[in-house]
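Report on one structure; see the data block that follows.
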Amino acid sequence: MKLSELVCGSTAEHCTANTTLDHLGDSIDRFARKALAYLNEPFSEEAESFGAFCARVTLENACAALIGRIDPFRLLYLTEFQTQGGFEYGKPSKSGFRWTGDVLVEDKPPRDLWSADHELSKISRALFSPHVDHVYWKPAVEVALDYLSGNSDEALGDLAAMDPGTFTAETKGRCSELYSKLSKGVHWDFFASSALMDEITLKDTIRDCFIQISRMSFVSHFIPTAYRSLNRPRAISSYISFRKTFQ
C-alpha cells in the first residue's frame, strides 16, 4: 500500500497542481518506504543514522500535500516560484515553505476569530490554524465520525475515538513534538553518544508519525472542497491498508 494515495488522493485532470501532488506523492512513498523498513525490521546502524531523517521528510511532505489539497493556491505559488529561472538553492526565500507559517501558526491566534477588525493578511491559512480548524477540520471530523458509526472494523477504532473539538489541537501538538524530536536526527544534534535515539525511541517516534499522518489524511477526504479527495469507501480501504503495514 502506498501512503501517497491516502495523503494525496487520486489523480485528477492534468494540471500543475496535479503534477505537483504526484511529485510530492513520489517523495512521500520513497521516504515512507524506508521509514517503514526501519520500523518493522531489526534495529541497525543505518536505522539509527537515517530513520529520523526519513520520518521527518515524510511528515513534512505529507503536511505540504495536505496544505496543497486544502489550499491549492499555496501549492501552485510554490511550484511556480521554484520553476522560475532566478530560483537559487543557496538563497533563503521569504515566501518558501516553512513549518512555522505553513503548518503551525506564526503569530498568537486572536481570541475572536471572526472580528470585523481582523486584516485579511493576518488571518493564517496554516494547516493547523484556528480558522482552518473551524472551516475545514472540525466539520470534516464530524462527517467522518458519522460515516464511521456504521462500520465495526477494528482497524478503524483509532479513528472512532476522534473528537471534533480537540482533533486539530491534539494533532498539532503531536506533529509539533514529532517534528522537533525528528529534527535532532536531521541536524544531527547528538554531541554525546548517549543522546542517540535507541531502538524503542526511534520506532515509537516513526510509528506515531505514521499514525498522525494517516489519521489527518483520512479526515482530509471528508473536506468537501479538498482537491483530489478519495470517495469514502476508498478512503477507508486506503487507511486500513496502510495501517496494516505497521503495528
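Counting from 1, the numbers follow the sequence of the chain as shown. We use all heavy atoms of the structure for the numbers below, so side chains are in, but hydrogens, waters and symmetry mates are not.
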Residues T16 and T79: side-chain donor-acceptor under 3.5 angstrom: no

Least distance between heavy atoms, S27 atom then V57 atom: OG-CG1, 4.3 Å

Ionic contact status for K122 with D107, cut-off 4.0 Å: no

Verify same cluster id: L159, L230 (apolar side-chain graph, 4.5 Å): no

Side chain to side chain contact (heavy atoms under 4.5 Å, CB included) between L3 and D29, worked out: CA-CA 6 Å; L3 178 58; D29 285 337; 4.1 Å; yes

Polar side-chain atom of S214 near backbone of I211 as donor-acceptor pair, under 3.5 Å: yes

Side-chain (R69) to main-chain (Y227) donor-acceptor, under 3.5 angstrom: yes

Main-chain N/O of T245 paired to N40 side chain as donor or acceptor, under 3.5 Å: yes

E45, CD atom: more than 12 neighbouring heavy atoms under 6.0 Å: no

Charged N-O contact under 4.0 Å between R243 and D158: yes

Parallel, tilted or perpendicular: rings of Y147 and F222 (30°, 60°): tilted

Aromatic plane relationship, H131 with W114 - under 30° parallel, 30 to 60° tilted, over 60° perpendicular: perpendicular

Donor-acceptor under 3.5 Å (S220 side chain, S217 main chain): yes

Within 6.0 angstrom of H23 NE2, more than 12 heavy atoms from elsewhere: no

N/O donor-acceptor pair under 3.5 Å between W137 side chain and L127 backbone: yes

Under 3.5 Å: donor-acceptor pair, side chain of S149, backbone of D146: yes

Any donor-acceptor N or O pair under 3.5 Å, side chains R215, T171: no

H221 side chain to A144 backbone, donor-acceptor under 3.5 Å: no

Option among E142, K172, M216, K138 that satisfies the side chain to side chain contact (heavy atoms under 4.5 Å, CB included) test with F167: M216

